[in-house]
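Small disclaimer: the values here were computed from a predicted structure and weren't measured.
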Amino acid sequence: MARDEQRVQHVEDEQLDPISSANTAELSPSDKEDTQHVDTVNTAELPMTMAEGVSYGKSGIAGIAGSPYILGAAFMASLGGFSFGYDQGVISIINVMPQFHEQFPRISPEDPQSAFWKGLNTGLLELGCFIGCFFMPWLCDKYSRKWAITIMVCFFNAGGIIMTAAHDYGTLAFGRFFGGLGTGTLALGAPLYISEIAPPNLRGTLLVLQSISIVSGVVISFFITYGTRNMPGEISFRLPFGLQLVSSTILGVMIHFFPYSPRWLCLRNRSDDALKALSRLRRLPETDDRIQTELQGIEAEIELQMTMQERAHPGKTGFKLEVLLWTDLFKKKLWRRTIVAVGVAFFQQFSGINAFIYYAPTLFQSLGADYEMSLILSGILNIIQLIAVLICFLIIDSLGRRPLAIWGAVLACCACIVIAGLVGQYSDDWENNTAAGWVAVAMAFLFMLFYGVSYSPLGWALSSEVYSTTTRAKGVAVATATVWICNFIVGVITPPMIESAGFGTYIFYGGWCGLAAVWAYFFVPETKGKTLEEMDAVFKDASAQQEKEMMKQAARRRSTAASGVRQTSHVGDNKEFA
């Protein structure tokens with residue numbers, strides 16, 4: 001951006017780009033040197049997002065194997081998702097620990113209101129996630145993606161310390177809420193950072209690390225807590241609470257051993273630093289044409305965002321502009337894209353997944369399993385989700401998003417309905433109907449399998465695919481906020497439903513799965529292999545085509561400005577010689 005702001009005014013500038021006003025300042029000597037590299041690329045013929053036309057090698061697993069540095073950076077950032085998954089797994093066993101009930105009697109089954117207090121304690125973390133989610137885009141733009149992650153790690157760790165040391169219910173609940181402010185934003189900041197440092201050929205594969213990390217956190221924390229459950233006294237639940245600080249602290253510190261996001265550096269007018277960051281991330285010299293082309297793409301994209309923003313809201317600044325940018329997502333032009341992004345986030349949670357994860361031991365006990373068996377079955381349930389996500393990792397780009405969204409919901413609905421029928425028929429006498437109980441357990445496993453290959457990853461992937469360049473950051477933030485508020489609602493309402501509604505709990509969540517299938521059939525397009533320009537035909541608007549033309553104009557202007565600098569320099573040299 002520094003090079004853009006310092007370019008020389010040209011007549012051709014206005015002819016090629018009527019969108020932007022010219023700048024009369026001259027380029028610095030270092031910028032002149034940079035433009036010599038930039039001008040070697042035929043920018044006028046570059047695709048809409050110029051970085052997408054750059055090839056750094058193989059895609060998928062083979063490409064990742066050849067890019068260990070990028071894998072390390074993406075893995076480190078994905079620990080933000082791991083922190084959320086860890087809490088999901090750890091609270092499921094702690095909620096049924098006798099030692100935990102003894103310390104916090106409000107959650108004990110002896111308390112007549114225990115179902116409400118258990119649900120509130122579980123859901124407060126998600127409420128904190130929801131609130132914190134709206135601060136992350138501002139932090140990311142102002143302080144960088146890396147420092148935003150570190151700041152939120154501090155919130156997460158503070159909440160974790162409060163939870164670990166809490167001796168009464170109020171303190172415990174406050175710790176979960178405060179920690180949630182960090183958890184929700186970490187889950188948003190991680191894919192944002194990954195998407196901006198990843199090369200185009202590896203971006204999709206690396207983004208799946210978010211889902212894998214979340215589910216891995218669930219599995220690992222579950223078995224840590226399973227191992228501490230028989231420890232005498234409070235250490236049985238305080239140790240698992242405290243261990244969540246380990247991965248988050250590693251993330252907050254180690255993320256600074258990797259480069260800043262090149263996009264953020266360009267956003268802050270630090271193009272030279274962005275060039276160095278790209279060179280380091282791609283393990284190529286700064287003069288490599290691919291590095292130069294990708295940098296131009298980033299600069300043109302940011303210039304495009306500023307131009308589109310000024311066109312839509314001329315003269316608006318500060319808080320008012322920020323509010324207007326959020327409201328743009330719900331205008332007629334973008335309503336269908338927002339329905340897809342928010343809808344997939346909504347159904348990801350109201351499928352009942354966290355009812356199964358948070359309260360799996362409680363659910364299995366309600367199906368007739370004893371305490372020890374319910375914990376073992378809960379662990380198997382979590383492992384099945386991890387396997388399912390890994391399967392999706394292998395098939396999502398070949399099978400497509402739309403079939404997964406439709407059939408994943410249909411099959412999950414069927415599993416829930418079968419469980420509801422079995423619970424309604426046999427819940428009063430599981431001891432004499434053990435076969436029916438095991439069928440219900442098998443249906444729970446199948447539900448997790450169907451969910452894991454569909455809505456578990458789709459909830460994070462679709463929202464980042466459907467929006468155009470200028471609306472993606474806030475669109476993803478709205479979708480993520482939907483995840484957290486729905487997660488909060490599910491966490492609060494599930495314990496009372498299990499206690500009072502019985503088989504109605506499964507009908508409730510099965511009904512939402514059925515509605516998800518209908519929603520997916522009518523609203524979810526196939527985004528597999530689609531470029532941003534092709535999304536126009538899918539959503540029947542022309543925003544991406546307009547962005548492409550503006551981006552090409554910005555690229556031509558940059559090329560023309562660089563050429564003009566050299567011509568001005570030669571004229572000056574001739575006069576001095578004379």
Side-chain angles (χ1 to χ4, degrees), residues 83-134 155-156 158-185 187 218 221-222 225 234 237-238 240-241 244 346 348-363 365-366 378 481-502 504-505 508-509 512:
S83 298
F84 168 58
Y86 184 98
D87 180 82
Q88 285 185 307
V90 82
I91 200 66
S92 65
I93 291 186
I94 286 179
N95 270 334
V96 297
M97 276 188 183
Q99 304 95 312
F100 189 63
H101 296 160
E102 184 178 346
Q103 180 62 45
F104 304 101
R106 280 187 176 179
I107 301 176
S108 171
E110 283 74 28
D111 190 308
Q113 300 295 321
S114 63
F116 170 77
W117 296 116
K118 180 190 291 186
L120 181 64
N121 178 60
T122 302
L124 277 173
L125 181 125
E126 279 69 45
L127 181 61
C129 289
F130 172 76
I131 295 172
C133 195
F134 292 99
F155 277 83
F156 178 84
I161 291 170
I162 294 171
M163 276 191 288
T164 304
H167 285 277
D168 59 77
Y169 180 86
T171 305
L172 176 70
F174 175 76
R176 287 188 61 76
F177 173 78
F178 197 81
L181 295 174
T183 306
T185 49
V218 173
S221 65
F222 181 90
T225 314
E234 300 174 9
F237 61 87
R238 296 197 189 278
F241 271 151
Q244 67 185 316
F346 175 87
Q348 184 196 57
Q349 298 305 310
F350 269 86
S351 62
I353 179 59
N354 286 315
F356 278 88
I357 293 178
Y358 286 142
Y359 307 113
T362 305
L363 288 170
Q365 285 178 352
S366 72
S378 299
T482 303
V483 168
W484 300 134
I485 193 62
C486 293
N487 204 327
F488 167 72
I489 295 170
V490 169
V492 170
I493 67 174
T494 297
M497 286 179 64
I498 295 173
E499 190 175 88
S500 60
T505 303
F508 176 79
Y509 289 121
W512 284 115

Measure across Pro240 and Ile94 and return the closest heavy-atom pair with its distance rounded to 0.1 Å. CB-CD1, 4.4 Å
Quick one: does any side-chain atom of Ser221 pair with a main-chain N or O of Tyr86 as donor and acceptor, under 3.5 Å? yes
To check you understand the geometry: which heavy-atom pair defines the closest contact between Ala158 and Phe178, and what is its length? CB-CE2, 3.6 Å
Using 0.5 Å steps for rounding, measure from the CD1 atom of Ile493 to the CZ atom of Phe116. 13.0 Å
As an exercise, state the distance from NE2 of His101 to CG of Asn95, rounded to the nearest 0.5 Å. 6.5 Å
Can you name the ring-ring contact (aromatic ring centres under 6.0 Å, His included) partners of Phe346, sequence neighbours left out? Phe350, Trp512
Run the side-chain contact (heavy atoms from CB on, under 4.5 Å) test against Ile162 and tell me which residues pass, sequence neighbours left out. Thr171, Phe174
Taking every non-hydrogen atom, the tightest pair across Ser114 and Ser108: CB-O, 2.9 Å
Give the minimum heavy-atom separation between His167 and Phe104, together with the two atoms involved. C-CE2, 3.9 Å
Check the pair Leu172, Phe241 against side-chain contact (heavy atoms from CB on, under 4.5 Å), reporting the backbone distance first and the verdict last. CA-CA 11 Å; Leu172 176 70; Phe241 271 151; 4.2 Å; yes
Could you state the interatomic distance from CZ (Phe100) to CG (Asn121), rounded to the nearest 0.5 Å? 5.5 Å
What pairs with Asp111 under side chain to side chain donor-acceptor pair (under 3.5 Å), at least two apart in sequence or on another chain? none
Contacts of Gln99 meeting side chain to side chain donor-acceptor pair (under 3.5 Å) (sequence neighbours excluded), chain-then-number -> Ser236
Would you give the length of the straight line joining atom OH of Tyr169 to atom CZ of Arg106, rounded to the nearest 0.5 angstrom? 7.0 Å
I'd like to check the side chain to side chain donor-acceptor pair (under 3.5 Å) partners of Gln348; sequence neighbours left out, ordered by chain and number. none
Does any part of the side chain of Gln349, heavy atoms only, come nearer than 4.5 Å to the side chain of Glu126, both counted from C-beta? no
Side chain proximity check, Phe488 to Phe130, heavy atoms < 4.5 angstrom: no
Which atom names give the shortest non-hydrogen contact between Thr183 and Trp484, and what distance separates them? O-CZ2, 4.5 Å
Output all residues satisfying salt bridge (Lys or Arg N to Asp or Glu O under 4.0 Å) with Glu234, sequence neighbours left out; order by chain, then residue number. Arg238
Is the backbone N or O of Leu124 less than 3.5 Å from a side-chain atom of Arg176, with the two atoms forming a donor-acceptor pair by type? no
State, to 0.1 Å, how close Tyr509 and Gly352 come at their nearest heavy-atom pair, and which atoms those are. CD2-CA, 3.5 Å
